[in-house]
Amino acid sequence: MTTTRFAPSPTGYLHVGGLRTALFSWLTSRHNKGEFLLRIEDTDMARNSKEAKDAILKAFDWVGMGCDGEVVYQSKRFDLYEKYIEQLLVEDKAYKCYMSKDELEILREDQMAKKERTRYDGRYRDFIGTPPEGVDPVIRIKAPRQGTISFVDGVKGEINIAATEVDDFVIARADGAPTYNFVVAIDDALMGCTEVIRGDDHLYNTPKQIVVYKALGFDLPNFYHVAMIHNEQGKKLSKRDGATDVMEYKTMGYLPEALLNFLVRLGWSHGDQEIFSLEEMIALFDPNDINKSSSNYNLDKLLWLNAHYIKNKPDSELVELLKEFGVDLEGNDKASLLLSATKERGKTLVELAEQIKLITDAPTQYDEKSAKKAFKGEAKEILSAFADMLALAKPTSKEAFHSVMEKIVEDKEIGFGKIGMPLRVSLMGSMTGSGLDEIMAILGVSETIKRIEKAIATIKANFVM
RNA sequence: GGCCCCAUCGUCUAGCGGUUAGGAUCCAUGGUUUUCAUCCAUGUUACCGGAGUUCGAGUCUCCGUGGGGUCACCA
């Protein structure tokens, strides 16, 4: 059975980069009909918060990536970790180190001055004698002193790191609290994780965790280290680079399926395919296909994908989603007409809502440039005649409105633009937007005439002769 | 700085020793559309550099360069 996991520390919101690795993990488990577990890494009591934890869970909920089983909290497992620390101490695989933080700092500065790698020198590794007074010891694990720690990474291939690069790192702080690399290894093993998919920045933690696995006699999982996502300058994605909080995308009017589709293509591909439904991703994804190189974060494609998903979303779902953006079409018999008129010109739900309001809300003013162009000449007379024809014909459908337009063009022997331009500005306030027949069908005869009359009044007021 | 990783159009990527180096996005142009958007068509743009291996290298090796990651009693 394949088991994967996502293990965020609750120190902030869910980051888009984190969401991508979570997605990779989730897809891997789903592809293999295994389990996807969530573990909250909250061993650092000083830094984590409940708000952050809730925010992360909420983001998972929004994108629809469910996890299996109970969420695991490391803070509730301290007894368990303590047991293993004790075990290692008894087996002489770990030891108490009485070096003070100050002493450590001096050692580090010294190593830095010599341009050496900074690391603990192992001075208490085989210490026998009386420990110094007044210092609470930390527990350090005995890491191999020579040789190479090797593992096969599913993304990068074989990784070899000299044992000299890995020091006897701390597994329990002076206050007894266990540290990250220790608990991760234990939890991953105990939770039965078979594939550990995580960010590249954990690559150097892996040899340390392998030391723990070996000391405790656990089987190693398969590791996959996914390269980072960079900003457009090639640096690590940071808050300054715009939206990094997953939930910001919701506010900006993105659909979760678009975000996921965008993210899955960062570092993974399947031939020339660009559009992936969740089902397709699950069917096709394999963590061994993840790219080695890092990718740059550029939102152009996300916008395109979002537009695609909006265009193909059922009206009923759009109506529901639009509510959060100030447009309530629930029960509106013009809803589908309104959506078909606007769906293709809103790349985000925010834009879609704006487009809809542009039709439903009568223009309070006319775009100056458009009015100047559209309201000149005989526009007033044409509009007036058109309003009369509408009053007479009382069209109700898009087609019927279109016929009236055709008729005036014919009767007056004018081009379509002669009626189209002034009509558009009268109805929408500017020269762009959905099809006029669609707009009129949505507004109905009386509202259409009302807007035309208002425009005529404006023309009279501004173009007095 | 030590160690580790990476390197194809601006961006996301295909390629897995022999291709006119493909797709997508972006941008530009044209067509459709009364306008805008959509849609369709066309176009510009890439193998970081240098040695090797080979009949032949974007693909393999080495060196260089550039970029990134990491060096905690954080996770």
Side-chain angles (χ1 to χ4, degrees), chain A residues 7-11 41-44 46-48 74 97 99-101 104-105 108 111-112 114-120 136-140 153 155-157 159-162 164-167 169-181 183-184 199-207 225 227-228 230 232 234-236 262 265-275 291-305 307 311 341-347 351 355 370 374 402 405 409 415-421 423-425 428 430-437:
Chain A
S9 63
T11 51
E41 312 234 316
D42 52 357
T43 52
D44 185 352
R47 295 207 319 165
N48 61 58
Q74 291 187 322
C97 169
M99 196 170 182
S100 71
K101 282 188 180 182
L104 234 188
E105 192 51 43
R108 202 168 282 144
Q111 288 167 336
M112 256 165 4
K114 289 183 192 156
K115 300 201 171 181
E116 288 172 2
R117 175 179 170 77
T118 55
R119 63 178 196 275
Y120 174 65
D136 292 325
V138 298
I139 313 287
R140 289 180 181 276
D153 187 287
V155 175
K156 313 247 183 212
I159 305 288
N160 300 299
I161 289 163
T164 50
E165 293 294 317
V166 180
D167 62 4
F169 58 96
V170 173
I171 57 173
R173 302 176 176 89
D175 66 2
T179 59
Y180 174 74
N181 284 120
V183 298
V184 165
D200 210 345
D201 48 345
H202 286 285
L203 193 72
Y204 249 80
N205 289 142
T206 307
H225 289 95
M228 303 276 92
H230 294 151
E232 307 210 27
K235 305 288 179 193
K236 196 172 170 180
F262 173 66
R265 286 285 289 98
L266 250 40
W268 178 82
S269 63
H270 183 256
D272 287 340
Q273 189 170 345
E274 295 288 347
I275 308 285
N291 286 165
K292 292 177 173 183
S293 52
S294 59
S295 43
N296 286 24
Y297 202 65
N298 177 300
L299 263 17
D300 284 347
K301 209 169 220 170
L302 173 59
L303 206 55
W304 170 74
L305 281 166
K311 268 181 285 188
T342 51
K343 244 182 189 179
E344 293 184 344
R345 58 198 88 225
K347 288 185 193 295
E351 286 179 18
Q355 291 295 326
S370 306
H402 192 79
M405 286 185 75
V409 166
F416 236 110
K418 285 279 187 209
I419 175 64
M421 280 199 292
L423 182 58
R424 176 171 296 286
V425 179
M428 306 279 287
S430 82
M431 212 91 99
T432 64
S434 313
L436 287 168
D437 43 13

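Predicted, not measured: the structure shown is a model, and the values here were computed from it. Lettering of chains follows the sequences in order, A, B, ..., and the numbering in each one begins at 1.
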Between [atom2] of [N] and [atom1] of [X], the distance in whole Å:
X: A:R265; N: B:rU25; atom1: CZ; atom2: P; result: 11 Å
X: A:L203; N: B:rG2; atom1: CG; atom2: P; result: 18 Å
X: A:N291; N: B:rC5; atom1: CG; atom2: P; result: 17 Å
X: A:L302; N: B:rC12; atom1: CG; atom2: P; result: 14 Å
X: A:Y204; N: B:rC3; atom1: OH; atom2: C1'; result: 3 Å
X: A:D300; N: B:rU11; atom1: CG; atom2: P; result: 12 Å
X: A:Y297; N: B:rU13; atom1: OH; atom2: C1'; result: 17 Å
X: A:F169; N: B:rC73; atom1: CZ; atom2: C1'; result: 13 Å

Q | Pair A:D200 + A:K156, salt bridge at N-O below 4.0 Å | A |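 Judged by the 4.0 Å cut-off on N to carboxylate O distance, A:D200 and A:K156 do form a salt bridge.
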
Q | Straight-line distance of A:L305 CG to A:D300 CG, nearest 0.5 Å | A |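 The CG atom of A:L305 sits 11.0 Å away from the CG atom of A:D300.
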
Q) Roughly how far apart are A:Y120 OH and A:C97 SG, rounded to 0.5 Å? A)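 Between atom OH of A:Y120 and atom SG of A:C97 there are 3.0 Å.
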
Quick one: closest heavy-atom pair of [X] and [Y], and the distance?
X: A:Q74; Y: A:D42; answer: N-OD1, 3.2 Å
X: A:V409; Y: A:G415; answer: CG2-O, 4.2 Å
X: A:V166; Y: A:P207; answer: CG2-CB, 3.9 Å

(Q) A:F262 and ring-ring contact (aromatic ring centres under 6.0 Å, His included): which single residue from A:W304, A:Y297, A:W268 fits? (A)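 Going through the options one by one, the only one that passes is A:Y297.
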
Counterpart base for [N], defined by Watson-Crick or G-U wobble contacts under 3.5 Å:
N: B:rU25; result: B:rG10
N: B:rA46; result: none
N: B:rU33; result: none
N: B:rG2; result: B:rU70
N: B:rU61; result: B:rA51

Take atom [atom1] in [N] and the same atom in [M], then report the distance between them in whole Å.
N: B:rU19; M: B:rU59; atom1: C1'; value: 12 Å
N: B:rC12; M: B:rC3; atom1: P; value: 29 Å
N: B:rU61; M: B:rG68; atom1: P; value: 24 Å
N: B:rA57; M: B:rG17; atom1: C1'; value: 6 Å
N: B:rU8; M: B:rU13; atom1: P; value: 10 Å

Q: Look at atom NZ of A:K343 and say whether more than 12 heavy atoms of other residues, nucleotides or ligands are closer to it than 6.0 Å.
A: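 More than 12 within 6.0 Å, yes.
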
Q | Other residues, nucleotides, ligands: >12 heavy atoms within 6.0 Å of A:H230 NE2 | A |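 Enclosed: over 12 neighbouring heavy atoms sit under 6.0 Å from NE2 of A:H230.
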
Under 4.0 Å from OP1 or OP2 of [N]: is there any side-chain N or O of [X] that close?
X: A:S295; N: B:rU11; result: no
X: A:T118; N: B:rA72; result: yes
X: A:N298; N: B:rG10; result: no
X: A:K301; N: B:rA24; result: no
X: A:S269; N: B:rA14; result: yes
X: A:N181; N: B:rA72; result: no

Q.
So does A:A374 get a backbone contact from the side chain of A:R424, meaning a donor-acceptor N/O pair under 3.5 Å?
A.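 A pair under 3.5 Å: no.
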
Q: Without swapping roles, check the side chain of A:S295 against the backbone of A:L266 for a donor-acceptor pair under 3.5 Å.
A: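 No, because the side chain of A:S295 does not come within donor-acceptor range (under 3.5 Å) of the backbone of A:L266.
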
(Q) I want to confirm an ordering. Mapping A:K292 and A:A162 to their closest nucleotides on RNA chain B, which one lands closer to the 5' end? (A)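 Residue closer to the 5' terminus by nearest nucleotide: A:A162.
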
Q) Pick the nucleotide of RNA chain B nearest each of A:K236 and A:N160; which residue has the one closer to the 5' end? A)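 On the 5' side of the pair lies A:N160.
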
Which part of the nucleic acid, if any, lies within reach of [X] when heavy atoms closer than 4.0 Å are counted: base, sugar-phosphate only, or nothing?
X: A:H225; value: nothing
X: A:R108; value: sugar-phosphate
X: A:M99; value: base
X: A:A174; value: base
X: A:V170; value: sugar-phosphate
X: A:D167; value: nothing

Q: Decide salt bridge (Lys or Arg N to Asp or Glu O under 4.0 Å) for A:E351 and A:R345; before the verdict, give the C-alpha distance in whole Å, the side-chain angles of both, and the deciding distance to 0.1 Å.
A: CA-CA 8 Å; A:E351 286 179 18; A:R345 58 198 88 225; over 6 Å; no

(Q) Walk along nucleotides 58-66 of chain B from 5' to 3' and tag each nucleotide B, S or - by protein heavy-atom contact under 4.0 Å, base first, then sugar-phosphate. (A) ---------

Q) When you check every protein heavy atom under 4.0 Å of nucleotides 33-50 of chain B, what one-letter string (B, S, -) results, 5' to 3'? A) -BBBBSS-----------

Residue [X], side-chain heavy atoms: nucleotide from [options] that is nearest:
X: A:K156; options: B:rC4, B:rC5, B:rA75; value: B:rC5
X: A:D201; options: B:rA75, B:rC73, B:rG69; value: B:rG69
X: A:K235; options: B:rG67, B:rA75, B:rC73; value: B:rG67
X: A:E274; options: B:rC73, B:rA24, B:rG2; value: B:rA24

(Q) Are A:H225 and A:I159 packed together at the side-chain level, in the sense that at least one heavy-atom pair is separated by less than 4.5 angstrom? (A)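 With C-beta onward as the side chain, the pair stays apart.
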
